[in-house]
Every structure is written in structure tokens, then in C-alpha cells.
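Below you'll find the structure, written out as C-alpha cells, and then a few comments.
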Amino acid sequence: MTGEREGTYTNPVLNADWSDPDVVRVGDDFYLTASTFGRAPGLPLLHSRDLVNWTLVGHALERLEPAGDFRAPRHDCGVWAPSLRHHDDRFWIFWGDPDQGVFQVNAPGVRGPWTRPHLVKAGKGLIDPCPLWDEESGEAYLVHAWAKSRAGVKNRLTGHRMHPDGTSLLDEGKVIVDGDGIPGWFTLEGPKLYRHDGWFWILAPAGGVETGWQGAFRSRDFFGPYEERIVLEQKHTEVNGPHQGGWVRTPSGEDWFVHFQQRGAYGRVVHLQPMRWDGAGGWPVIGDEGAPVLTHRRPALPAQPPAAPAVDDDFPGGRPGRQWSWTANPQDGWAPRHSADGLRLTCVRTPDAHDLRTLPNVLTQRLPGVPCAVEVELRLHSEEPGARAGLTVLGDAFGWIGLQRDADGTVRLVHRFAEPAAGRERDASRPRLAPDGRARLRIEIGAGARCRFAYDVGDGPCPSGPVFAATPWRWVGALLGLFAVAPVGTGHAGAATFSEFRIRPL
């Protein structure tokens, strides 16, 4: 959100779940990536010229590897807290898969081609890696955190010397910051490694995503000892847990810090904070003397037209836009077919149609962080009894509205939901006929991510069912999704076509 006339911006600058952001500048351009966990494609690539207006230009990871491990949704696995860097005329992204280890991909340009994932360090619980190529010494380093759920330890940062080509590590590693030795610190993670003013700097959060703070560590030697300071915390503001992100410097020498805020069903939204270096102590000062700002003077960069990652989609050529991702690696047979009238999804046969949380073939995008109305046109072409397709809000709980082919051949408008602990969905409203097998579906998402469902099957808009409160999905904010499924059987089960997908503010 921006205030063009006043020369200000308002946080969050990315008001959706762009989790664990990291940022880098190359020339006059800024680039950002974020966690995508088990969704594919992963590692989104966003571009900006002013640090306020961002567009999504692609992804660095087409599918997760090994591919077989991600045939089903795994929302607490996959890509955790990537670091984005530019070195030796290449873009580099390092991330931790908590079950496999530290991976990297690289490319000559942000739009690729990106290399296949390369495993730099194997092991359980290795997360949040960040490389540094030290221009002063020619040495390369890597720092990473630990996930207790896999490794049995947390609250510590481990450092390595790294081969300059980024493919391997040159030592066994050493704990360079032990959070257990710092009074009051816990869940130290998400390190970002820099060189500045003769110091090695690690910017790393602690205290948990909803309640924590941003720390800074510095040492004259990479392997320590490090001294620490809290440089950003909630204080008197409403911005809880302001932490985990990256520092970037503009061509004119301004410093800025990009971080996230956990907002429940909306996920981790992205804030931009002014940053300076304290002349007396040499420490970074972020926000308003360590408190996050809501509105601030814009970066001293050339004015840019308002922009944001796309959400609407007319599915030209029958293909989804960059904003969409699957809840797992896509499989043969799911690929949208070429179509001149919208997105045609195959009704994938599955025994698990009663629980959308288990399905890998749900095409999703992020839930907007402001009140909005989501609409899409749906036509169900399948003649298979039990085939269904619809629009969903998907999290630990889910609700969906759409069309289903009944055993007698009729098509009905159905609206179903499931609570977080429920293993099966149930009706949220009584089914009704959809005579021509099409419907206009609508979800109004109000304050607190409270959702009201509606439909139009040809006789005017009708509300459906009680309010549904969207919920996050483990580390992921709630998702908007499109799906088409059919019961287990043989042969092609038909398809559904989605068109005119729109999101409008309320």
C-alpha cells in the first residue's frame, strides 16, 4: 500500500503470505524470494525498483526433489527460509529442507534457467542457510540454524567454510552462536550473513514467529565470538513478532530491512523498515529506534507505478498464471489442457475426495491480507457420478463451494466444510440443482478472514451456509484453491473449466 502524493508507503508492502522473505539488489533492481514449503513451483521470484511495489516474475524451483517424496501435500516440509544472493554474475538461492539438508540453485539471470537443486550439506534439521562470499578475503562461508523437530536441538547457529563454487563445505562446522548462552533468548533461527565495516554480521530472529524479535550479531572473525543486540521488536506497536528478513542497500546508500509479521490465516505478510547504522556503537537501528513503522517516507528511488503480484486470471490459452501453485509436485495427467475458454482441469480420480487437505492436485494462490471478494465461473463437464469441482479456502480447516455430478446424472451446487480435527467434510448448506452444469461461485472474505460463501446458478446470487473462519495451515497461511476430482475408477473422468477468476476489495 502506498501514499503516492505524500511520498510515503504503508506496511505491509506485500499483504499476503510471502513467508520468510529475503532480498537482494542487483544494479537498480531489487529481487525477493520466500518460503514455499511443499508447494510447486517453489521459490517465487519477485521484482521491484522501489522496494514498495513488487511483481512476481517467476519461480526458481519447478518441482521439489526427490520428486517421489512430494507426491502428496507436506506443508511443514520442503523449502524453508531461503536466502537470495548475487555473486560472480549469477543469482544464488540456498534453502534448508528439514528432512534432507541444505540445497542451492543458481542461474545467470533471475528468469533462469535455474540449475536443478544441489545438496550442499546432507542432514536432518538443517534449516535457514545463508551463504557469504567475502570480497575482502576471497573466502566463502555458510551459516544455518537447526530444527528441533528433526535434529533434537535448536537455538543455535552453525558456521562453515564453503567452497567458493557453492557446491560443498570445507569443514565439519562449528556452533558460532549458542542462543542457550544468551539470557532470555530462545528459538534463534533464520540467520542472514553479511560483511560490513570490517565486521561479520548475522541478522537473525529469536523468540518465535508470533512473539519474537530481530537480533543482530557481530564479530571480527566469522567463527566468533559474537556479541548480540535486539534491533527490532514490537514495543508499543501492533506489529507482533517483527523479524526474519534481509538487509538491502540502495544505489544512493540508504539502508532498508524487509521482514515478516505473522497474521494468522493471512500467513506471514511483508513489511519494509528504514534502517541506519548507529554512528557511535556501529549497530544497525531498524524502524523507529527499534520499533516497526506503519507509515514512512518512501525509499529515495525513482518513482514507480503502483504494482502488486497478480491475483486475477483469465487463464489465457487455458494455462494458470504465475500466482498459482499445486499443493504438491504436479503429476502426469493433471496439466491443464489447452483451452480458449478458461482453465480446464482434469477430474483426478482419488479415494480422498472427502478431504481436500490430503489432495496434491489443488491449484492454489495466497489469501489476500485485506477484506475482498473472490469469484470464479465454473462448468462441470464430467459425466462421472461423484465427480466434483469447486472453489475452496484451504487450511487446517477448509470450506468449498462448487458442483457435483449425482448418480442420477443431475448436477448440483454443493457447499461443504471440515473442521481442523475432522477427517471428512460435511455439508455446510443443502445441495440444490444447477440445471446447466455451471455456476458463478463467490467467497466474501471479511475482517479476521471470516468467509461467506455464495453462488449463482442462473437465477441470481444466493448466500450459502454460515460464516466460515479461515485458518492457517501449519506454517502456511490459508490458501485459495481450485480443484476437480472424481471417485476411484477406470478411464478418463472428465474435466471442469474455470474462467474469469477475480479478486476485488470489499
Between [X] and [Y], is any side-chain donor less than 3.5 angstrom from a side-chain acceptor?
| X | Y | answer |
| --- | --- | --- |
| Asp50 | Ser48 | yes |
| Asn106 | Gln104 | yes |
| Asp313 | Trp324 | yes |

Are [X] and [Y] close enough for a salt bridge, meaning some N to O gap below 4.0 Å?
| X | Y | result |
| --- | --- | --- |
| Glu135 | Arg195 | no |
| Glu254 | Arg297 | yes |
| Arg116 | Glu65 | yes |
| Arg502 | Asp314 | yes |
| Arg276 | Glu289 | yes |
| Arg474 | Asp76 | yes |
| Asp312 | Arg504 | yes |

Practice prompt. Give, for atom CH2 of Trp92 and atom CH2 of Trp133, the distance between the pair rounded to the nearest 0.5 Å.
Written response: 5.0 Å
Worksheet item: About how many Å separate CG of Leu188 and CG of Leu157, when rounded to the nearest 0.5 Å?
Response: 4.0 Å
Worksheet, complete the sentence: Between Gly481 and Val362 the two heavy atoms that sit nearest each other are CA-CG1, 4.1 Å
Worksheet item: For the residue pair Trp95 and Phe103, does the interplanar ring angle fall in the parallel (under 30°), tilted (30 to 60°) or perpendicular (over 60°) class?
Response: parallel
Practice prompt. Mind running side-chain hydrogen bond (donor to acceptor under 3.5 Å, both in side chains) on His144 and Lys121 for me, showing each step along the way?
Written response: CA-CA 10 Å; His144 69 80; Lys121 180 183 179 181; 2.9 Å; yes
